[in-house]
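Notes for the one structure printed next.
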Amino acid sequence: MCGIVGYVGPRDATPIILNGLKRLEYRGYDSAGVAVVKGDQIEVRRDAGKLGQLIDLVAKEPLSGAPGIGHTRWATHGAPSARNAHPHVSNSGKIVVVHNGIVENFIELKDELVSEGTTFSSETDTETIVHLAEHHQAAGANFVETARKTFQQIEGANVVVLLSTAEPDKIVTARIGNAGGVVIGLGDGENFIASDIPAILEHTRKVIFLESRQMAIVTRDSVRIETLEGKEVKPEIHIISWDAVAAEKGEYRHFMQKEIHEQVRALTDTLAGRVDFKEGRIRLPELNLTPELAKRIQRIYITACGTAAYAGMVGKYLIEKIARIPVEVVIASEFRYSDPILDSNTVVLAISQSGETADTLAAMEEGRRKGAIVWSIVNAIGSQAMRVADGFISMQTGPEIGVASTKAFTAPLVDQYMLAILLADLRGTLDEKTRKSLVSDLRLVPDLVGRTLDRESEVEKVAHVLKDIRDCLYLGRGINMPIAYEGALKLKEISYIHAEGYPAGEMKHGPIALIDEEMPVLCIAPKDPWHEKMISQIQQAKARDGIVIAVATEGDELIKGMADHILWVPEAPWMLSPIVTVLPLQLLAYHIAAIRGLDVDQPRNLAKSVTVE
């Protein structure tokens with residue numbers, strides 16, 4: 001949530017910033033703004049609503065200059081409005097700020113500033129930062145020291161970017177705690193700042209990622225990284241391999257549709273270099289997993305939020321079944337408050353698409369504090385969750401733009417399957433024949449996914465039938481129980497239809513009271529070890545006149561004679577079946593939302609990267 005773009009160099013900053021912000025629209029926002037230095041003045045344009053409104057405003061009231069900073073805001077303090085939109089300017093008009101996160105001590109800081117005569121013009125916590133900076137600059141500090149003193153007074157997880165007319169040749173930014181990312185893009189005679197890579201990818205692929213409690217002083221010709229205490233840090237320069245075209249829709253109507261179809265390629269890339277089909281072995285070198293460590297592990301906590309948490313629930317089945325290690329799945333926003341029992345023989349495995357999710361990072365911190373082994377499965381290269389972990393698995397899916405995650409759900413399913421095999425192999429709990437069979441099954445994944453997606457037109461027909469429903473019940477059992485949760489989540493978040501996922505066996509313990517001729521019941525019933533049990537649940541729903549939509553294995557005549565609508569999937573090894581059963585649910589949610597004319601890629605109130613608690 002919230003996007004930041006900054007530019008310092010010889011070119012006009014305004015179009016660079018606006019174009020960068022457009023590439024960050026997927027993060028979710030409710031207002032936008034841009035500020036540039038022009039001579040000894042700072043000019044600002046900002047407005048509530050979508051970025052198009054800001055672009056129209058700039059067309060009516062042009063501004064040009066450099067350096068400049070821009071922002072898309074997701075409201076935390078104060079309603080979405082022009083006066084609460086970033087950037088915020090100091091009373092003197094000489095300093096300007098954009099900010100991601102929450103200033104936890106802003107009330108105390110604001111009270112102190114107001115008592116000294118400072119006037120506030122917004123309801124935001126962010127405005128406190130710029131007035132605090134002006135206070136330090138007025139006391140005689142140079143711009144860098146002004147920024148440093150300001151950053152040191154801010155509590156909470158925050159990213160801050162400051163500009164000042166006192167030293168208009170530089171931008172100063174800092175990452176304080178586990179807020180969203182800060183990417184410094186290195187150009188030729190120009191440099192860039194962004195909260196995510198796509199914003200600057202058209203200009204450079206050489207980037208630096210700020211760590212927590214680091215600040216960067218960025219000019220057109222230099223980038224200096226320091227700790228907040230002033231110690232210089234030599235940064236690692238990363239080369240990003242993504243193609244800028246990968247962040248465009250191409251032939252697809254929406255990013256979500258494109259990303260659903262990219263899963264064939266994404267899962268192929270996930271397997272590449274990691275699976276030795278000849279030897280029947282798995283290699284995950286970035287995990288830093290040794291036989292000694294594998295044998296030491298007594299318990300694994302998987303922690304994540306939303307879609308990633310549901311992927312973790314599938315992972316629990318896989319790791320316990322294959323590696324025989326006890327696994328608990330804990331929602332990351334609850335993890336650190338549950339006082340988990342952790343030690344050096346426990347793994348905390350965090351799953352995050354962005355690698356910047358505040359709750360997930362906090363769970364990783366709790367694991368680190370209590371001496372656990374900390375791993376991550378993450379998509380965003382160089383993100384915080386990747387960098388702070390003892391070992392990681394990269395999802396290899398490329399950028400995911402749509403807010404509703406799709407390919408970053410199926411990739412960690414495969415990642416956890418591979419992890420389970422590797423753990424079992426290193427612990428000596430898997431015989432060679434079984435190991436080779438499990439590894440061999442991975443060959444099937446890209447083809448299974450492709451064959452499922454080839455049936456999109458059939459799913460779209462069902463979407464037309466269901467487009468006006470108000471509620472839906474999703475049921476699954478065993479390893480496909482989490483797919484019921486994920487399918488319901490997808491429908492909720494992009495079509496705004498109320499949906500609930502349940503363990504199918506729990507239907508008769510309450511939810512069955514809801515079933516009548518107006519309640520669609522979506523039953524995930526592939527040919528897996530729970531197939532007969534799901535048949536029973538379908539019969540119970542039909543007995544109460546429920547409309548049954550079944551996800552079923554091709555050729556299942558029994559379900560064909562029972563369900564009102566069927567979303568067919570190819571037969572798959574049961575431990576890999578969630579990879580295919582979730583696909584028609586992604587497509588169903590997508591097409592219902594598209595038919596209803598909704599903003600599929602940017603659903604209301606949601607953000608791609610949730611960087612506040």
Side-chain angles (χ1 to χ4, degrees), residues 241 261-291 293-295 297 300 302 308 311-312 314-325 327 347 349 351 353 375-379 381 386 389 391-398 400 406-453 479 528 569-583:
S241 59
H261 282 272
E262 283 179 338
Q263 288 173 104
V264 177
R265 191 270 308 156
L267 294 177
T268 301
D269 289 350
T270 294
L271 299 174
R274 294 169 169 171
V275 183
D276 184 336
F277 289 109
K278 183 178 179 180
E279 297 295 327
R281 293 194 182 278
I282 300 297
R283 299 189 182 98
L284 299 172
E286 292 89 359
L287 204 59
N288 300 317
L289 181 59
T290 63
L293 177 56
K295 291 170 183 174
I297 295 168
I300 296 175
I302 298 176
V314 176
K316 171 182 168 68
Y317 278 90
L318 296 171
I319 295 169
E320 289 190 341
K321 176 66 176 178
I322 298 171
R324 309 306 294 163
I325 299 173
V327 178
V347 170
L349 171 60
I351 306 175
Q353 185 281 139
W375 292 341
S376 65
I377 298 176
V378 65
N379 187 37
I381 303 298
M386 181 178 286
F392 66 87
I393 303 173
S394 170
M395 291 185 197
Q396 304 289 352
T397 67
E400 189 177 65
T406 52
K407 59 183 179 176
F409 176 77
T410 51
L413 301 187
V414 175
D415 291 331
Q416 291 173 102
Y417 181 90
M418 292 190 293
L419 172 60
I421 295 171
L422 180 59
L423 282 167
D425 191 18
L426 294 176
R427 290 165 65 90
T429 58
L430 199 62
D431 65 81
E432 183 179 11
K433 181 180 177 181
T434 304
R435 187 194 75 235
K436 286 186 174 181
S437 177
L438 291 171
V439 171
S440 180
D441 284 344
L442 286 167
R443 292 179 185 271
L444 306 173
V445 169
D447 181 63
L448 290 171
V449 171
R451 286 164 56 194
T452 307
L453 295 176
I479 200 168
D528 63 13
V569 296
E571 188 167 359
W574 73 264
M575 281 188 278
L576 294 173
S577 64
I579 298 166
V580 293
T581 57
V582 76
L583 300 176

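Since we're looking at a predicted model, the values are computed, not measured.
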Residues forming a side chain to side chain donor-acceptor pair (under 3.5 Å) with [X], sequence neighbours excluded:
X      : answer
Thr452 : none
Arg265 : Asp269
Ser437 : none
Asn288 : none

Show the nearest heavy-atom pair for residues [X] and [Y], with the distance to one decimal.
X      : Y      : result
Thr406 : Glu400 : N-OE2, 2.9 Å
Ile479 : Leu318 : CD1-CD2, 3.8 Å
Thr410 : Ile579 : CG2-O, 4.1 Å
Arg435 : Gly280 : NE-O, 2.7 Å
Thr270 : Ala411 : OG1-CB, 4.0 Å
Arg274 : Ser394 : NH2-O, 2.8 Å

Return all side-chain donor-acceptor pairs below 3.5 angstrom for residues 414-427, not counting sequence neighbours, or 'none' if the list is empty.
| from | atom 1 | to | atom 2 | distance (Å) |
| --- | --- | --- | --- | --- |
| Gln416 | NE2 | Ala311 | O | 3.0 |
| Gln416 | NE2 | Pro412 | O | 3.0 |
| Tyr417 | OH | Leu438 | O | 2.7 |
| Asp425 | OD1 | Arg281 | NH1 | 3.1 |
| Asp425 | OD2 | Arg281 | NH1 | 2.5 |
| Arg427 | NH1 | Ala294 | O | 2.7 |
| Arg427 | NH1 | Ile297 | O | 2.9 |

If you measure from [atom1] on [X] to [atom2] on [Y], what distance do you get to the nearest 0.5 Å?
X      : Y      : atom1 : atom2 : answer
Thr290 : Lys295 : OG1   : NZ    : 9.5 Å
Asn379 : Gln396 : CG    : CD    : 8.5 Å
Ser376 : Leu349 : OG    : CG    : 8.0 Å
Leu287 : Phe392 : CG    : CZ    : 9.0 Å
Phe409 : Thr397 : CZ    : OG1   : 13.5 Å
Ile377 : Ile351 : CD1   : CD1   : 4.5 Å

[X] vs [Y] side-chain heavy atoms within contact, under 4.5 Å:
X      : Y      : answer
Pro446 : Leu271 : yes
Val445 : Gln263 : no
Leu576 : Leu444 : no

As a quick check of understanding, evaluate side-chain contact (heavy atoms from CB on, under 4.5 Å) for Ile282 and Leu442, giving each step before the final call.
CA-CA 11 Å; Ile282 300 297; Leu442 286 167; 4.0 Å; yes
For the side chain of Thr434 and the backbone of Leu430, is there at least one donor-acceptor N/O pair under 3.5 Å apart?
no
Under the side chain to side chain contact (heavy atoms under 4.5 Å, CB included) rule, collect the residues that match up with Arg443, sequence neighbours excluded.
Phe277, Ser440
Checking Lys316 now: which residues fulfil side chain to side chain contact (heavy atoms under 4.5 Å, CB included) with it, not counting sequence neighbours?
Glu320, Val327, Val329
Pairing residues for [X] by the salt bridge (charged side-chain N to carboxylate O under 4.0 Å, His left out) criterion, not counting sequence neighbours:
X      : result
Glu286 : none
Arg283 : Asp276
Asp441 : none

